[in-house]
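Reviewing the structure listed below.
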Protein chains: 2
Amino acid sequence: MGTMNKIETKGWTSDTVVSDLERAIHEHRLPPGTKLGEDELGDAYGISRTIVRAALLALSHRHLVELKRNRGAFVAQPSVREAREVFEARSLLEPRTAHSAALRMTDADLRLLNENIRDEHAALDAGENGRALFLSGQFHVEIARIADQSTIETFISELISRSSLIIALYWRRRAALCETQAHHALLDAFANRDGDAAEQLMKSHLLDLVASLDLRNVSQPPTSLREALQR
Amino acid sequence: MGTMNKIETKGWTSDTVVSDLERAIHEHRLPPGTKLGEDELGDAYGISRTIVRAALLALSHRHLVELKRNRGAFVAQPSVREAREVFEARSLLEPRTAHSAALRMTDADLRLLNENIRDEHAALDAGENGRALFLSGQFHVEIARIADQSTIETFISELISRSSLIIALYWRRRAALCETQAHHALLDAFANRDGDAAEQLMKSHLLDLVASLDLRNVSQPPTSLREALQR
DNA sequence: CGACACAAAATCGTATACAATCCTGTTGCG
DNA sequence: CGCAACAGGATTGTATACGATTTTGTGTCG
């Protein structure tokens, strides 16, 4: 367990490390609370701590990693409070953005979204739950891209990644097919260029998501004895 | 002009440097396009380039600074496109947030907002336009704080700072008193705990702001010959 | 005189060295 | 035997050194 293979693809820059780590976090290969040692990451990617620190700094600005002074970097563990805030922000941004996207939707965009849903289904069938979760998030980011709002896209992208952490911590049900259903309904609205329908569907989709979480405040700060054994 | 005094307050950490620079940018003491040399900043604050780079990285993540590889860091110059996007994002976030804030408003909050408006007016009278602009932005951030949504507050705070850059680049009118008027109207709605009114006022306030900008696409990429002499 | 080539200076990119802090295991004392 | 003090090791924080790239200045040739 102490060994960590080197990723010999070479050419790792700060940004690519960020993308790689973000994806690993998003796919739950790096669960909340995981320690991200600087030397360890440096060895893994074959780069010095300088680049690693820049990457960790970037991830901390996106609230995916928590930096504790003189203690190190850890995959973030969003609180119940933070979870509610993230979905509140999403509910302000995503419905209206879906509306805009529906009006700008091209056939190529529709094909892309369709492929996304197909891949997600395939991943689920193959038991690759992490990849499915990632693709599910990409669906939402893609909508912001189609809406042609890169600033909002940046925000949504961050919120999606944080949502993945929230799901890792607070997911209740195990039935995961509700996701693809909602996305399929959205796709129909997009195909019809029906902005109002898309907006409404996105709104209820987000409500369903929150409802599928267990956000009761019970045992909120249980992570008191130094993060409850780091996990 | 080549001299730069050292800021001898000591105890500069990465975050405090970020705050200091962000405020300077927000107040237009550092106009868009200004070069932020690493050695220069390091000397100014009495810290090494390591900390400076961390600060510049943070500012670049907030889109207040643009990093050009092997060229250096520059105060960002938002494009017309980006300007529209920023205000689109604000129009999605701020009205509903103002609604929430109105319902949670305490008397202490009202006093704070009132003081803010008073200070802004005083700054304007004293000819401190930069400080007035900063306070004007703080008004909006404060609303998000009162709404008790720190995630949204972070987004709005970034958008406000970026708006300051946009104003520096695209401001049209010189009459600046429209600002305090709108804020005063909002304060009234807050005092009445009237969420709907606050939401509506915020929405039109943002529309007024956009209307006061000159966002015609004419001469959009005039900054072609290496940023048109860096300014 | 103008254009190109080359050299020098300045600035950024990355790695590494050293200091500071924290964690852990051990020792000594009550 | 239990607890506190201390020492060793590990990890992060910061500064600095060095290499890479860009910019700028200079000289030569057409």
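So you know, we letter chains A, B, ... as the sequences are listed, proteins then strands, and number each from 1.
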Quiz prompt | Pair A:Ser163, A:Arg90: side-chain N/O donor-acceptor within cut-off below 3.5 Å | solution = yes
Practice problem: Would you tell me whether A:Ser150 and B:Glu85 have side-chain atoms, one donor and one acceptor, within less than 3.5 Å of each other? | Solution: yes
Using whole Å, what does the distance between atom [atom2] of nucleotide [N] and atom [atom1] of [X] come to?
{"X": "B:Leu36", "N": "C:dT11", "atom1": "CG", "atom2": "C1'", "value": "14 Å"}
{"X": "A:Asp39", "N": "C:dA17", "atom1": "CG", "atom2": "C1'", "value": "13 Å"}
{"X": "B:Leu67", "N": "C:dC12", "atom1": "CG", "atom2": "P", "value": "10 Å"}
{"X": "A:Leu41", "N": "C:dA15", "atom1": "CG", "atom2": "C1'", "value": "17 Å"}
{"X": "B:Glu40", "N": "C:dT11", "atom1": "CD", "atom2": "P", "value": "8 Å"}
{"X": "B:Asp15", "N": "D:dG13", "atom1": "CG", "atom2": "P", "value": "12 Å"}
{"X": "A:Ile51", "N": "C:dC12", "atom1": "CD1", "atom2": "C1'", "value": "12 Å"}
{"X": "B:Ile47", "N": "D:dT14", "atom1": "CD1", "atom2": "P", "value": "9 Å"}

Quiz item: DNA chain C: A:Ser14 or A:Asn70, which has the more 5' nearest nucleotide?
Solution: A:Ser14
Practice problem: Let me know, please, whether B:Glu38 or B:Thr50 comes out on the 5' side of the other along DNA chain C by nearest nucleotide. | Solution: B:Glu38
Practice problem: Output the distance between atom CZ (A:Arg29) and atom CZ (A:Arg23), rounded to the nearest 0.5 Å. | Solution: 7.5 Å
Quiz item: Got a second to check how far A:Leu30's CG is from A:Asp20's CG, nearest 0.5 Å?
Solution: 9.0 Å
Quiz item: Do you know which two heavy atoms are closest between B:His26 and B:Ile160, and how far apart they sit?
Solution: CE1-CG2, 3.6 Å
Practice problem: Answer yes or no: does a side-chain N or O of B:Lys35 lie under 4.0 Å from OP1 or OP2 of D:dT22? | Solution: no
Proximity to the side chain of [X] - top-ranked nucleotide from [options]:
{"X": "B:Ser48", "options": "C:dT14, D:dT16, D:dT11", "value": "D:dT16"}
{"X": "B:Arg49", "options": "D:dG13, D:dT11, C:dG13", "value": "C:dG13"}
{"X": "A:Arg69", "options": "C:dC12, D:dT14, C:dT14", "value": "D:dT14"}

Quiz item: For the base of D:dG13, is there a side-chain donor-acceptor partner from A:Arg71 under 3.5 Å away?
Solution: no
